[in-house]
Amino acid sequence: MTTDGFTTCLWFDGQAEEAANFYVSVFRDSSLGGIVRNTGAAPGTEGSVLTVEFTANGQKFVALNGGPEFTFNEAVSFQLDCADQAEIDHYWEKLVEGGGEHGPCGWLKDRFGVSWQVNAVRLTEMISDPDRRKADRAMRSMMTMTKLDIAELEKAYAAE
C-alpha cells in the first residue's frame, strides 16, 4: 500500500464538504485536505464538490458526494473512548448539534446520520472485570442510560 493504515470513505448526498467541516470542528488533531471537484465526467453538476479529504482525531477520511443511493445505519459506527465525564459530555452534545439524535446506551446519530458510540474507558474496564457480579451490575446500569454517566456506573459497579 502507498499509505499507512486505511482511509475511511463516507458517502454523502451533497453534504460532503459540510460534513468534513463539521467533523474537523468537533475533534482535535483535525484538518481539511484536498477537494476534488466534478469535471463533468461524473454524474452531478460540473464544478460541484465530488470528494473532500480530511483528518479527524488523527484518522484519515474522504467524504464523497455519491448521491442518494446509500445511507448510513447503525451497522457501522465510530466508537469514542472518553477518558472522563467532561469528554463524554462534550462529544454527546457536539455531535448532535444541528439535527442529530441521542440514542440508548451511549449511542447517537449526528445530523448526517453517522452513528457514534460515546463510550467511557472506565466502563470498558468495569464490564471486563473478572468479578462477573460487579461487571454485570455495571452493564445493567449502562443499559438504562442514554448518555453514559460514569459516577452512576461506578455506583452500580461498587453496589452502592
Side-chain angles (χ1 to χ4, degrees), residues 1-125 127-128 139 141-150 152-153:
M1 291 205 267
T2 60
T3 61
D4 293 330
F6 295 96
T7 300
T8 301
C9 180
L10 300 173
W11 180 296
F12 296 92
D13 183 15
Q15 303 163 307
E17 190 170 21
E18 178 187 351
N21 282 308
F22 174 70
Y23 298 130
V24 166
S25 78
V26 171
F27 298 101
R28 63 184 182 278
D29 193 18
S30 300
S31 61
L32 290 174
I35 296 176
V36 174
R37 296 197 176 274
N38 189 340
T39 63
T45 306
E46 186 172 342
S48 65
V49 172
L50 187 58
T51 63
V52 180
E53 295 176 347
F54 68 100
T55 301
N57 198 35
Q59 301 295 310
K60 297 179 293 186
F61 292 88
V62 170
L64 166 70
N65 279 328
E69 294 84 8
F70 301 109
T71 58
F72 298 108
N73 67 48
E74 293 83 355
V76 174
S77 63
F78 294 100
Q79 182 172 322
L80 304 176
D81 291 318
C82 299
D84 55 33
Q85 192 66 49
E87 277 191 356
I88 289 171
D89 296 346
H90 168 77
Y91 291 119
W92 188 253
E93 293 310 320
K94 194 73 176 163
L95 285 166
V96 297
E97 280 181 2
E101 58 189 57
H102 295 130
C105 306
W107 285 63
L108 60 82
K109 282 188 181 182
D110 66 29
R111 66 181 179 230
F112 304 103
V114 175
S115 292
W116 298 85
Q117 298 176 54
V118 183
N119 184 46
V121 171
R122 182 65 183 123
L123 173 62
T124 302
E125 294 167 357
I127 64 175
S128 299
M139 177 64 80
S141 179
M142 183 271 302
M143 296 296 291
T144 68
M145 296 179 179
T146 51
K147 178 177 72 173
L148 298 186
D149 182 325
I150 296 173
E152 288 300 313
L153 291 166

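Scope of the values below: all heavy atoms of this structure, side chains included, with no hydrogens, waters or symmetry mates. Since this is a predicted model, take the numbers as computed values, not measurements.
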Heavy-atom side-chain contact between [X] and [Y] under 4.5 Å:
{"X": "Ile88", "Y": "His90", "value": "no"}
{"X": "Ser31", "Y": "Val24", "value": "no"}
{"X": "Cys105", "Y": "Met145", "value": "no"}
{"X": "Thr55", "Y": "Phe61", "value": "no"}
{"X": "Pro68", "Y": "Asp13", "value": "yes"}
{"X": "Leu80", "Y": "Trp92", "value": "no"}
{"X": "Val49", "Y": "Arg37", "value": "yes"}
{"X": "Leu10", "Y": "Val62", "value": "no"}

Heavy-atom closest contact ([X] atom, [Y] atom, distance):
{"X": "Cys9", "Y": "Leu64", "value": "SG-CB, 3.9 Å"}
{"X": "Tyr91", "Y": "Arg28", "value": "OH-NH1, 3.6 Å"}
{"X": "Lys94", "Y": "Phe22", "value": "O-CZ, 3.4 Å"}

Between Phe27 and Phe54, does the ring centre distance come in under 6.0 Å?
-> no
Can we call the ring centroids of Phe78 and Trp107 under 6.0 Å apart?
-> no
Phe72/Phe12 under ring pair (Phe, Tyr, Trp, His ring centres under 6.0 Å): CA gap, chis, key distance, verdict = CA-CA 9 Å; Phe72 298 108; Phe12 296 92; 5.4 Å; yes
[X] [atom1] to [Y] [atom2] distance, which is reported to the nearest 0.5 Å:
{"X": "Leu95", "Y": "Trp116", "atom1": "CG", "atom2": "CH2", "value": "5.5 Å"}
{"X": "Arg111", "Y": "Gln15", "atom1": "CZ", "atom2": "CD", "value": "9.0 Å"}
{"X": "Ser128", "Y": "Leu123", "atom1": "OG", "atom2": "CG", "value": "8.5 Å"}
{"X": "Leu153", "Y": "Ser141", "atom1": "CG", "atom2": "OG", "value": "4.5 Å"}
{"X": "Glu87", "Y": "Ile150", "atom1": "CD", "atom2": "CD1", "value": "9.0 Å"}
{"X": "Glu17", "Y": "Leu50", "atom1": "CD", "atom2": "CG", "value": "12.0 Å"}

Is the backbone of Met142 close enough, under 3.5 Å, to the side chain of Thr144 for a donor and an acceptor to pair up by distance?
-> no
Counting N and O atoms only, with roles assigned by atom type, does the side chain of Gln85 sit under 3.5 Å from a partner on the main chain of Leu148, one being a donor and the other an acceptor?
-> yes
Do Asn57 and Asp29 get their side chains close enough for a donor-acceptor pair, meaning under 3.5 Å?
-> no
Indicate whether any N or O donor in one side chain lies under 3.5 Å from an N or O acceptor in the other, for Asp110 and Tyr23.
-> yes
Sidechain N-carboxylate O distance under 4.0 Å for Lys147, Asp89 | yes
Please list all pairs passing the side chain to side chain donor-acceptor pair (under 3.5 Å) test where one or both residues lie in residues 59-75, with sequence neighbours left out.
-> Glu74-Lys109
Report the C-alpha distance between Gln79 and Asp81 in whole Å, list the side-chain angles of each, state the deciding distance to 0.1 Å, and finish with yes or no for side-chain contact (heavy atoms from CB on, under 4.5 Å).
-> CA-CA 6 Å; Gln79 182 172 322; Asp81 291 318; 2.8 Å; yes
Evaluate side-chain contact (heavy atoms from CB on, under 4.5 Å) for Ile35 paired with Thr51, printing each intermediate quantity in order.
-> CA-CA 6 Å; Ile35 296 176; Thr51 63; over 6 Å; no
Quick one: do His102 and Val96 satisfy side-chain contact (heavy atoms from CB on, under 4.5 Å)? Show the steps, please.
-> CA-CA 7 Å; His102 295 130; Val96 297; 3.4 Å; yes
Checking side-chain contact (heavy atoms from CB on, under 4.5 Å) for the pair Cys82/Val121: CA distance, chi angles, key distance, verdict?
-> CA-CA 6 Å; Cys82 299; Val121 171; over 6 Å; no
